[in-house]
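Chain A is the first sequence line, chain B the second, and so forth, proteins listed ahead of strands; every chain is numbered from 1. FYI, side chains are in, hydrogens and waters are out, and symmetry mates aren't considered; it's all heavy atoms of this structure. Computed from a predicted structure; not experimentally measured.
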There are 2 protein chains.
Amino acid sequence: MADEALDKALNTLRDKHVRITPQRKLILNYLITHHNHPAVEVIYQELAPQMSSLSLATIYNTLNLFVEMGIVIEIPNENGGIRYDFFGSPHYHAICENCGKVTDIFDPNFPKIEEMIQTEAARQSGYKITSSHIEVYGLCDECQAKLAAQKPDGAAAEAHV
Amino acid sequence: MADEALDKALNTLRDKHVRITPQRKLILNYLITHHNHPAVEVIYQELAPQMSSLSLATIYNTLNLFVEMGIVIEIPNENGGIRYDFFGSPHYHAICENCGKVTDIFDPNFPKIEEMIQTEAARQSGYKITSSHIEVYGLCDECQAKLAAQKPDGAAAEAHV
DNA sequence: GTAGTTGCAAACGATTTGCATTTAT
DNA sequence: ATAAATGCAAATCGTTTGCAACTAC
């Protein structure tokens, strides 16, 4: 299953005349087998042991390439950074506003919803639509518990840095 | 109408015990009256003439605050940057992949769609959902025309960086 | 063979931060 | 009165870039 996805992605690259280098294969495989929505730095830390020559610059270049090719998507990271996700089967993301955790949501209605918003967007704007992203923000289980423990009362005041 | 929105937003701030400074009012008013989805730098250029002491740092701080308060939303800007948008009435965005233009889409189905995705996300992830974002990517009118002019044939090859 | 890719280090630029001063409440 | 916000400049950090060496096709 992971291999299927890898082959399919590699074929997509071949079709677009993009060279398949060991680095690209390694990064692609990592993304397919890890759905932890890694930031660039995380990918680097994980893969450096396997390919000591691998550079950050190459990871940046490769990810940008994959995004253009449509096989990887970017997820905004409240803190300005970007996280990446292999886009095998369509899904959207729930993002924790407190800890930044990203959870995949596989919604049976997603294709329907995606078509609705793309159709409406095209109608209103005249854009030629190619893709869409949905993110839902909130508090994950752990952070709900953590924050509840910190202020057991219903205090409203909130630190704004 | 613009004033209503401003008053409503100011009350939101008051309710949360956030001080209303001239800078905050100025920035808020700018966002309410300009739906050009400005980047920080743009806001700075526009407002500096009106308040020469206004600093970039204050704009950054203020916008982050507004986002936390839920009266302004961030729009990811392919080039890593962030653009801001006053969130008066619910809408989502069509973003041009070529020139970065952002167009508001006011979809009558948006509330329905938002509820669907928030409900499903909560069910699958256990998150306590607070908000959601939808972005649709594609090519705007002008860029469609521009690109069609550049390669009148159906050439496939594409520069990647 | 050759255009495309890598890796390094340097450059870049957007955003954040520390701190003294000012200000809203 | 005082806790919070501003503005400045410096620091930070993620990302991009120029270029020589390397490699997939």
Below the 4.0 Å mark, does [N] have OP1 or OP2 next to a side-chain nitrogen or oxygen of [X]?
X: A/Ser55; N: C/dT6; value: no
X: B/Ser53; N: D/dG7; value: yes
X: B/Arg24; N: D/dT6; value: yes
X: B/Tyr60; N: C/dT15; value: yes
X: B/Gln23; N: C/dT23; value: no
X: A/Thr21; N: D/dA24; value: no

message = Using a strict threshold of under 4.0 Å (side-chain N to carboxylate O), is an ion pair present between B/Lys112 and B/Glu115?
response =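 Looking at B/Lys112 together with B/Glu115, the answer is no, because their closest N to O distance does not fall below 4.0 Å.
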In whole angstrom, what separates [X]'s [atom1] from [N]'s [atom2]?
X: B/Lys25; N: D/dA5; atom1: NZ; atom2: P; result: 16 Å
X: A/Ile27; N: C/dT5; atom1: CD1; atom2: P; result: 13 Å
X: A/Lys16; N: C/dA3; atom1: NZ; atom2: C1'; result: 20 Å
X: B/Leu65; N: D/dA4; atom1: CG; atom2: P; result: 13 Å
X: A/Ile43; N: D/dT15; atom1: CD1; atom2: C1'; result: 14 Å
X: B/Glu68; N: D/dA4; atom1: CD; atom2: P; result: 14 Å
X: A/Met69; N: C/dG4; atom1: CE; atom2: C1'; result: 13 Å
X: B/Leu10; N: C/dA24; atom1: CG; atom2: C1'; result: 14 Å

What contact category does [X] fall into here, base, sugar-phosphate, or nothing, at under 4.0 angstrom with non-hydrogen atoms?
X: B/Ile20; answer: sugar-phosphate
X: A/Leu54; answer: sugar-phosphate
X: B/Glu41; answer: nothing

task = Kindly say whether the aromatic ring centers of B/His93 and B/His37 come within a distance under 6.0 Å.
result =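 Yes, the ring centres sit under 6.0 Å apart.
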task = Select from A/Met51 and B/Asn64 the residue whose nearest nucleotide in DNA chain C is closer to the 5' end of that strand.
result =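 Upstream on the strand: A/Met51.
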key: Donor-acceptor under 3.5 Å (B/Thr130 side chain, A/Tyr137 main chain)   =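 Yes; judged by distance alone, with no hydrogens or angles, the pair exists.
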inquiry  = Quick check for you: to the nearest 0.5 Å, what is the distance between A/Asn11 atom CG and A/Lys16 atom NZ?
reply    =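 Spacing of CG (A/Asn11) from NZ (A/Lys16) equals 12.5 Å.
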key: Atom pair NE2/OG1 of A/His35 and A/Thr33 - distance to nearest 0.5 Å   =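 Interatomic distance, A/His35 NE2 to A/Thr33 OG1, rounded to 0.5 Å: 8.0 Å.
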query = Closer to the 5' end of DNA chain D via nearest nucleotide, is it A/Leu56 or B/Tyr44?
reply =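 Final value for this comparison: B/Tyr44.
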ask   = Between the base of D/dA3 and the side chain of B/Arg19, is there any donor-acceptor pair under 3.5 Å?
value =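 Side chain to base: pair found, below 3.5 Å.
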ask   = Of the nucleotides D/dT15, C/dA9, D/dA24, which has the atom closest to the A/Pro22 side chain?
value =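 Taking heavy atoms from C-beta onward, the closest nucleotide is D/dA24.
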task = Please report the shortest heavy-atom distance between A/Phe106 and B/Glu120, naming the atom on each side.
result =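 Where A/Phe106 meets B/Glu120 most closely, the heavy atoms are O-OE2, 4.4 Å.
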